[in-house]
Number of protein chains: 2
Amino acid sequence: METIPYSGDMGGWGGPVRWEASADGVCERPVSRAATIKDVARRAEVGVATVSRVLSGSGPVSPATRERVLRAVRELEYRPSALGRSLKTQRTGSIGLVVGEITDPFCAELAAGVLACARTLGEHVLLDAAHDDPAREAEIVDRLVEQRVDGIIAIPTGHGDRWRAAMRAGVAVVFADRAPAELPEIPSVLADDAAGVRSAVEYLAGLGHRRIGFLGTTAPGAAPGTDAGVREATFRTALAERGLAPEEDLVVRARPSRDSAFAAAAGLLQRRPDLTAVLAATHLLGEAAVLVARELDLRIPADVSIVMVDDVPWAELCDPPLTAVARPGRDMGYRACEVLLRDPARRERGRPVVLPTELVIRGSCGPRTGMPGGAARSARTR
Amino acid sequence: METIPYSGDMGGWGGPVRWEASADGVCERPVSRAATIKDVARRAEVGVATVSRVLSGSGPVSPATRERVLRAVRELEYRPSALGRSLKTQRTGSIGLVVGEITDPFCAELAAGVLACARTLGEHVLLDAAHDDPAREAEIVDRLVEQRVDGIIAIPTGHGDRWRAAMRAGVAVVFADRAPAELPEIPSVLADDAAGVRSAVEYLAGLGHRRIGFLGTTAPGAAPGTDAGVREATFRTALAERGLAPEEDLVVRARPSRDSAFAAAAGLLQRRPDLTAVLAATHLLGEAAVLVARELDLRIPADVSIVMVDDVPWAELCDPPLTAVARPGRDMGYRACEVLLRDPARRERGRPVVLPTELVIRGSCGPRTGMPGGAARSARTR
DNA sequence: TTGAAAGCGCTAACAG
DNA sequence: CTGTTAGCGCTTTCAA
């Protein structure tokens, strides 16, 4: 048993204390380390098992003993170490959350949902951002596995290997928002993007628009089944169903950065002054479309109608307010967490949970005008 | 030593395997648990200490042994458990981050900064949101202490007790964005809100505005030294310096919710149709001001000029784009993490790190007009 | 250069 | 009802 230097004038405190020289090396002062279950047991004059029983509420303890233990706990400000417990129980009570970029409103919304659910279930959340970089994602997953998280919720960007490795290591995984086709065995919680895009196209077509531009994203892995793929594919299908030939020239893709989005929007709007509506597949693309339209002196919706996927707070503040396909980010996060933590059955089957989207109609779309202002537009070159 | 059921046809795999009945109780299949350092040692036919040495790169190991160990690691897909290591080393390599609400753009920006710095330092980030609720904050801090995080970065909302307890438990704490006056011993990283508000007031005053409204927040703890307090106090001071009597009627406070912000803005703008400019102390208040102005058919900036504290993405998208006091949220997060993890000296002293703000001038402010349109405004009552 | 062994703080049998 | 004890997976002396 270790011996602990004991200070007489501490009134028999009995807590863990050690003496350490302070930085200046002159005056010494007591530095307390966190109390352990042993310290509590010693002070309450009971065994460590009893302390554990009292604290976890398992097993029988006499009221008198319980009181003694609780008093010791209070006096020592004892906080059981999750480390010891986790090592023993093989459960850490924490989950990993891997998003693209936490400052992205959708990711943040999803994170909020995860946080809310995790809280009700008493779990901690380890957050990290992969920035759409598969290598970084792989590294994050590795580290999360080392931390022995009980599970991982991710908006995946990379390929299958690392995720399979995680599952082999015994870590449950649930995807949110995206579900790589190569990993059908991993359960996922998605928004019904297809329905969302379809509703947007139908809305625009119903307004009389015939030449609709599409601002999409280059799928990182270019894997079919990726959200970008779904949105673009649905756009084409929906158009075709209406008997509108999907002109290749009207579909442009950008990388997920503001610059790239802006360039894509500028390219589209300048190259095709004849289009009367734009469907932006992400809020970044929607933002770019609005900015570019403004730059080109295009009036919204008189000259060009705009719809975007993802309803973010600024959609309401925009002038005119932007029509958008709302996706339930928070619900998706909450649901993903539920699937991960309390729905092993569903996890087993791996069929995706699909949550509905909603077309929120505001003021950014109008009927196709006879004169789309092509002359004025082509005259200006940003 | 434990005995492990061994399956002949696994080709002498030697990894940790146990047999478990699957859910349906019919077919049995092998369920692997994560390999431990012992498994690796056994497979490489060395002692666990050697494995540890190889993996941590400490101590001398012969090339041959090292190779054998690394091969075993590879074959078993061994990932050292952070639990075991943390328990031994008394460092978890993770920090806690407590924000108000992760969907708040400023909080998210700050979180991104923390994430970035934590990553370079190899630390994990445990995220939680206190939702401006001191009780919740206290609970989160308690749990973080149980997790034995190496430190905590927080945008604090509650009172001192819990934070002091955390420090007593040996957890370093750094505040970001706010620094309760009651806890001067805890280091903090702040934005120079006073300078920011002052620059905004001077800008408006320079434009000729005399009756400037202030939309502020009710400080949760009402403690002086809180950001809300600083912003409002600075507003009054700056006004007074300009010889403008700070009319009580022109200062209103809201709780940090959209509804409350909207109500406050509506109240101010309706009650005082004579004011020509508004300074919003948060982006939520700025949003409310814009929405209310639009609702009341007030033109920005012709009828009313608006400046807000916190430059968020939508400020640029607003029409007209909103002039704002930019605060370096990401830098603050990064810096806070640095102070926490690699600047114990500064932590010791506890003098706040103050980062500069910048007035980003866009189109939402104009010179005071002779006729502020009071008649038209008071006629309408939302 | 290597291995054995002692814990880190906790829980969960298992005896009393 | 309560205490003793054996690990959980790892690092780290200390000998060999």
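Keep in mind the model is a prediction, meaning the values are calculated, not measured. Within every chain, numbering begins at 1; the chains are lettered A, B, ... in the order of the sequence lines, protein sequences first and strands thereafter.
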[X] [atom1] to [N] [atom2], straight-line distance once rounded to whole Å:
{"X": "A/Leu87", "N": "C/dG7", "atom1": "CG", "atom2": "C1'", "value": "12 Å"}
{"X": "B/Glu146", "N": "C/dG9", "atom1": "CD", "atom2": "C1'", "value": "13 Å"}
{"X": "A/Arg42", "N": "D/dG3", "atom1": "CZ", "atom2": "P", "value": "15 Å"}
{"X": "B/Asp39", "N": "D/dC8", "atom1": "CG", "atom2": "C1'", "value": "13 Å"}

Are [X] and [N] close enough that a side-chain N or O sits under 4.0 Å from OP1 or OP2?
{"X": "B/Gln90", "N": "D/dT11", "value": "no"}
{"X": "A/Ser62", "N": "D/dT2", "value": "yes"}
{"X": "B/Thr50", "N": "C/dG3", "value": "yes"}

Less than 4.5 Å apart, side chain to side chain, heavy atoms only: is that true for B/Cys337 and B/Ile153?
yes
| said: Classify A/Thr65 by what it touches in the nucleic acid, base, sugar-phosphate, or nothing, heavy-atom distance under 4.0 Å. | reply: sugar-phosphate
Output yes when [X] and [Y] qualify as a salt bridge under the 4.0 Å nitrogen-oxygen rule, no when they do not.
{"X": "B/Glu139", "Y": "B/Arg136", "value": "no"}
{"X": "A/Glu123", "Y": "A/Arg91", "value": "yes"}
{"X": "A/Asp150", "Y": "A/Arg342", "value": "no"}
{"X": "A/Arg71", "Y": "A/Glu67", "value": "no"}

Would you say A/Glu137 and A/Trp163 are linked by a side-chain donor-acceptor pair, where the criterion is simply a distance under 3.5 Å? yes
5' to 3', nucleotides 10-16 of chain C under a 4.0 Å protein heavy-atom cut-off (B base, S sugar-phosphate only, - none) gives BBBB---
